[in-house]
Amino acid sequence: MKFNNVEEAIKTITESHKKTKKAMEMGDFKTNNKIVSKEMNPAFKYILNNNHAKSLIPLLKNNDLDLVIIIARRLLPHYEEIAIDALNNIIEKNTPHKCDVAEIVLKEWKGISL
């Protein structure tokens, strides 16, 4: 995928994430993986390669905790403190599965064995 600007890339990330959730709800892992590799990853690559990681920060306020985890994970190398705060907020909410995933992401980042 090609992008003309950061806004297009961010829109692709949010819309593609919705499509991956639908695919996963149907158990369609193949479609999920295709969307991630063909749409989401190129959008993240565009944003990060053009030094626009900061533009992802507002997505950490999204109500979709899965998306927040994905964004936080991508932001860790660029905005560590902000990303860790977002992950800790998810852990504190104690939402089943989401808090576990956020905790795993933090442990991996800190080099702690799972």
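If you're wondering where the values come from, they're calculated on a predicted model, not measured in any experiment. Numbering of residues begins at 1 and proceeds along the displayed sequence.
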Inset, instruction - Assess whether side chain to side chain contact (heavy atoms under 4.5 Å, CB included) is satisfied between Ile90 and Thr95, documenting all intermediate values. - result: CA-CA 7 Å; Ile90 293 170; Thr95 305; 5.8 Å; no
Inset, instruction - Kindly indicate whether the side chain of Asp85, heavy atoms from C-beta on, has any atom under 4.5 Å from the side chain of Glu81. - result: yes
Inset, instruction - Output the distance between atom CG (Leu106) and atom CG (Asn88), rounded to the nearest 0.5 Å. - result: 5.5 Å
Legend entry - Interatomic spacing from CD in Glu8 to CZ in Phe3 - rounded to 0.5 Å: 7.5 Å
Legend entry - Verdict with supporting geometry, His97 and Val101, side chain to side chain contact (heavy atoms under 4.5 Å, CB included): CA-CA 6 Å; His97 180 66; Val101 174; 3.5 Å; yes
Inset, instruction - Search all heavy atoms of Ala23 against all heavy atoms of Asn32 and return the closest pair with its distance. - result: CB-N, 3.9 Å
Inset, instruction - Over all heavy atoms of both residues, which pair between Lys93 and Leu65 is shortest? Give the atoms and the distance, please. - result: NZ-CD2, 4.0 Å
Legend entry - Side-chain heavy-atom pair Val105, Leu76 within 4.5 angstrom cut-off: yes
Legend entry - Minimum-distance pair of heavy atoms, taken over all atoms of Val6 and Tyr46: N-CE2, 3.8 Å
Inset, instruction - Output the distance between atom OG1 (Thr12) and atom CD1 (Ile47), rounded to the nearest 0.5 Å. - result: 8.5 Å
Inset, instruction - Mind listing the closest non-hydrogen atom pair of Ala86 and Ala72 along with its distance? - result: CB-CB, 4.5 Å
Legend entry - Note, Thr31 side chain near Met26 side chain (heavy atom, < 4.5 Å): no
Legend entry - Carboxylate-amine/guanidinium contact Asp64 Lys21, below 4.0 Å: yes
Legend entry - Check: Lys11 main-chain N/O paired with Thr14 side-chain donor or acceptor under 3.5 Å: yes
Inset, instruction - Quick one: pull up CD in Glu15 and CE in Met40 and give me the separation to the nearest 0.5 Å. - result: 11.5 Å
Legend entry - Interatomic spacing from CG in Leu75 to CG in Leu48 - rounded to 0.5 Å: 7.5 Å
Legend entry - Nearest-0.5 Å distance, CG of residue Leu56 to OH of residue Tyr79: 9.5 Å
Legend entry - Within one Ile-Leu-Val-Met-Phe-Trp-Tyr cluster: Met1 and Ile13, side-chain cutoff 4.5 Å: yes
Legend entry - Ile69 versus Lys98, closest heavy-atom pair with distance: CD1-O, 3.6 Å
Legend entry - Derivation of the side chain to side chain contact (heavy atoms under 4.5 Å, CB included) call for Glu80 and Trp109: CA-CA 10 Å; Glu80 181 179 32; Trp109 178 250; 2.6 Å; yes
Legend entry - Closest non-hydrogen atom pair, Asn62 against Leu67: ND2-CD2, 3.7 Å
Legend entry - Sidechain N-carboxylate O distance under 4.0 Å for Lys19, Glu39: yes
